[in-house]
Protein chains: 2
Amino acid sequence: MSRNAKAGLEDIARAAGVSKMTVSRVLRGSSGFSEETRARVMSEVERLGYLPNRIAAAFGSGGTSTLVGVCVPRFASSLFGSTLESINTSLMRLGYQSMIGSHDQLPEEEEIWLKGLASWRPAGIILAARRHTPETLSLLRDLTVPIVEMWDLNTQPIDVSVGFSHFDDGYTMGRFLMLRGRRRYGYVGAMANRVTTGRNRRDGFEAALREGGISLAASETLEDHPGFYAGYYGTELLISREPKLDGIYYHDDEMAIGGMAWLASRGIRVPDDIGIAGWGGMEAASIQPRRLTTTVVPTALIGKTAAELLVGRMRGDPVQDVTMIPTRLVPGETV
Amino acid sequence: MSRNAKAGLEDIARAAGVSKMTVSRVLRGSSGFSEETRARVMSEVERLGYLPNRIAAAFGSGGTSTLVGVCVPRFASSLFGSTLESINTSLMRLGYQSMIGSHDQLPEEEEIWLKGLASWRPAGIILAARRHTPETLSLLRDLTVPIVEMWDLNTQPIDVSVGFSHFDDGYTMGRFLMLRGRRRYGYVGAMANRVTTGRNRRDGFEAALREGGISLAASETLEDHPGFYAGYYGTELLISREPKLDGIYYHDDEMAIGGMAWLASRGIRVPDDIGIAGWGGMEAASIQPRRLTTTVVPTALIGKTAAELLVGRMRGDPVQDVTMIPTRLVPGETV
DNA sequence: GATTGCTACGTTACCGGTAACTCATGCAGT
DNA sequence: ACTGCATGAGTTACCGGTAACGTAGCAATC
């Protein structure tokens with residue numbers, strides 16, 4: 001019970017009457033000791049309250065640590081928060097420790113984070129970004145550790161990729177809306193730091209419309225983080241420029257809900273006057289009077305899969321290069 | 001540009017014609033070298049693409065690392081997400097690296113996380129929980145590193161505490177509602193893993209009512225994570241048991257918004273028929289037809305302050321034991 | 001009986017930095 | 001001229017593990 005932070009392998013070894021190396025072997029579970037020795041060592045470990053020293057272990061083994069770097073755009077997003085939590089607990093359960101960073105969609109921030117991370121000699125890296133600086137790519141190459149690119153599926157990954165296609169999500173939603181026979185569509189998006197994360201979804205959406213012979217009637221992309229209020233005033237801006245729209249595709253559900261709030265305040269009915277579609281499958285949609293038409297993203301599954309793929313690669317198991325995690329269009333009552 | 005991960009201090013030293021120790025001194029900025037030497041060393045550092053090795057540095061200095069452990073209830077919460085992000089970037093800017101964990105309100109999970117963290121010999125710890133297991137407390141004591149308890153203010157901190165009082169927030173809101181002259185109040189809360197985080201707010205709220213000579217007419221605490229939908233059906237449960245209420249105090253804003261959605265679906269008007277108050281100052285409230293009466297919590301400031309206090313303590317600066325970060329009641333239009 | 005192979009360890013060297021100490025030099029003050 | 005001290009280095013030991021290799025003892029094989 002009384003934990004003695006100063007007890008090291010040497011102390012255990014002396015107490016158990018074996019060598020330091022034998023204690024090391026017992027603690028790491030590799031073979032090379034008798035059951036009797038194991039029991040004696042473990043009882044001393046318990047009695048002395050030995051605390052492993054991973055700094056020394058990582059150093060002694062020449063840089064083979066159990067550290068994993070994880071970099072996402074933001075913590076404070078319901079989707080990334082859930083993915084991050086899933087990665088973190090999965091890695092912890094598998095015996096790895098994560099070092100998390102955020103880049104807010106800025107490749108330069110990712111580069112700064114990566115440089116700091118690299119000095120900890122991580123055993124693997126999980127990234128959630130498609131754009132990287134040349135320095136980042138060069139550093140990733142030099143580190144020669146497994147790398148999982150997640151979220152946005154990269155079909156030509158640096159190493160391993162897991163996620164889904166934003167383009168396909170937009171395309172599928174576009175096709176779905178087209179089936180409703182409406183013709184005049186608008187788009188409301190948001191971009192943080194000049195990077196529209198939803199850009200690929202919008203492109204996919206437009207591609208579907210184009211196939212149907214029409215083009216996007218209006219589009220409004222705010223220079224702000226996506227959120228309820230951005231959807232609210234983005235819709236106001238869009239409608240004031242283009243009052244006669246049949247439907248609006250939103251960056252995500254929260255923006256769609258914000259948009260619906262603005263429409264409701266103007267007496268515009270959904271879906272009678274205008275159809276609404278979001279993306280993400282966010283919880284806020286659950287209390288809307290009408291179920292939101294959206295694309296549900298399995299955030300936790302993506303995180304868990306990313307963690308498992310990385311651990312597989314770090315252990316040297318053969319793993320799939322590209323793993324698609326399907327999203328699901330949920331037809332609601334807003335279209 | 002071509003980063004050579006294998007170059008170490010020794011290589012730099014040889015190339016610059018000095019000793020390894022001089023290179024170490026130059027890189028860490030401590031004095032003991034001439035400007036000429038510094039320039040020569042730095043140019044070799046640049047040329048060879050030296051990557052610092054913090055594992056070796058932490059090991060060599062006998063465990064004085066720049067690692068900080070941070071443990072919060074959840075990542076995927078708008079409030080904690082924001083605080084976490086703030087801590088992470090603040091620590092990074094100050095030259096520290098964080099290792100983040102989540103405990104989901106379970107002291108046992110916190111203990112497991114702490115044991116894993118301890119083996120990395122962190123230089124400091126930030127915790128967001130009031131309850132700890134005896135083992136956790138004993139381990140925290142043995143680690144002898146600065147500890148910041150944040151979020152819920154602890155006036156008798158283990159080491160340092162920063163945050164606000166949930167009790168006071170509830171009390172202040174209770175007083176505010178009482179001024180409106182209403183008499184019959186209900187409460188809708190949520191608890192994850194049998195721990196009601198909002199318990200202190202509810203207690204404060206009840207204390208205020210008691211001073212006014214009344215008691216809580218009805219209370220409903222769901223065994224679920226707080227969120228929009230929990231507020232929605234929690235309100236349904238509350239009202240079905242106690243239809244005649246003048247006001248409802250909610251665990252947080254998202255639950256209040258969920259509650260308002262349910263009330264709206266029944267044609268119950270806010271604030272005419274019933275007053276509503278939330279807590280947290282969450283973004284979703286920004287699109288409600290009426291501004292929600294709530295308590296705004298400066299989440300990012302708490303994170304930044306926690307990081308700065310910890311770094312102060314780690315550097316040995318004198319820092320305040322207890323730092324109150326005031327929250328602010330924002331009277332909206334729902335009461 | 002000699003050789004081989006396996007088990008269960010012990011020995012030794014080393015990972016890449018940092019702390020603590022030593023030492024030569026130059027210059028100001030007495 | 002001598003002392004004292006700051007400056008700018010070099011030297012040595014060490015942090016606490018792990019990898020690689022060595023070896024004693026014993027059973028199985030040749």
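The model shown is predicted, which means the values in this text are computed figures rather than measured ones.
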- Under the criterion salt bridge (charged side-chain N to carboxylate O under 4.0 Å, His left out), which of B:Glu110, B:Glu109, B:Glu135, B:Glu108 is the partner of B:Lys115? B:Glu135
- Message: Rounded to whole Å, please give me the gap between CD in B:Glu10 and C1' in C:dC15.
- Response: 13 Å
- Query: Taking only N and O in the side chain of A:Ser34, is any of them less than 4.0 Å away from OP1 or OP2 of C:dC9?
  - Reply: yes
- Query: Out of D:dC15, C:dA20, D:dT18, which nucleotide sits closest to the side chain of B:Phe59?
  - Reply: D:dC15
- Atom pair distance, as rounded to whole Å: CZ in A:Arg38 and C1' in C:dT7: 17 Å
- Message: Under 4.0 Å, heavy atoms only, any strand: does B:Ser19 hit a base, just the sugar-phosphate, or nothing?
- Response: base
- Message: Using a 4.0 Å heavy-atom cut-off, does B:Gly62 contact any base of the nucleic acid, only the sugar-phosphate backbone, or nothing at all?
- Response: nothing
- Task: Answer yes or no: does a side-chain N or O of B:Arg28 lie under 4.0 Å from OP1 or OP2 of C:dA19?
- Result: yes
- Task: Measure the distance from CE on A:Met21 to C1' on D:dA20 and round it to the nearest whole Å.
- Result: 9 Å
- Task: Using only side-chain N and O atoms of A:Thr37, determine if any of them is under 4.0 Å from OP1 or OP2 of C:dC9.
- Result: yes
- B:Trp120 CH2 - D:dG16 C1' separation (whole Å): 14 Å
- Side-chain contact check for A:Ser61: nearest option of C:dA20, C:dG17, D:dA19 is D:dA19
- Message: Can you tell me whether the side chain of B:Arg25 and the base of D:dG10 have a donor-acceptor pair closer than 3.5 Å?
- Response: yes
- Task: Give a yes/no on whether any side-chain N or O of B:Tyr50 is located under 4.0 angstrom from OP1 or OP2 of C:dG16.
- Result: no
- Item | For atom CG of A:Leu27 and atom P of D:dG16, their distance in whole Å | 16 Å
- Task: Go through the N and O atoms of the side chain of A:Lys20 and the base of C:dG10, and report whether any donor-acceptor pair is under 3.5 Å.
- Result: no
- Charged N to carboxylate O under 4.0 angstrom, B:Glu149 versus B:Arg130? no
- Item | B:Thr66-B:Gln97 side chain donor-acceptor pair, cut-off 3.5 Å | no
- Any side-chain N or O of B:Thr22 less than 4.0 Å from the OP1 or OP2 oxygen of D:dG10? yes
- Would you say the side chains of B:Ser90 and B:Glu308 form a donor-acceptor pair under 3.5 Å? no
- Do we see a donor-acceptor contact under 3.5 Å between the side chains of B:Ser24 and B:Arg28? yes
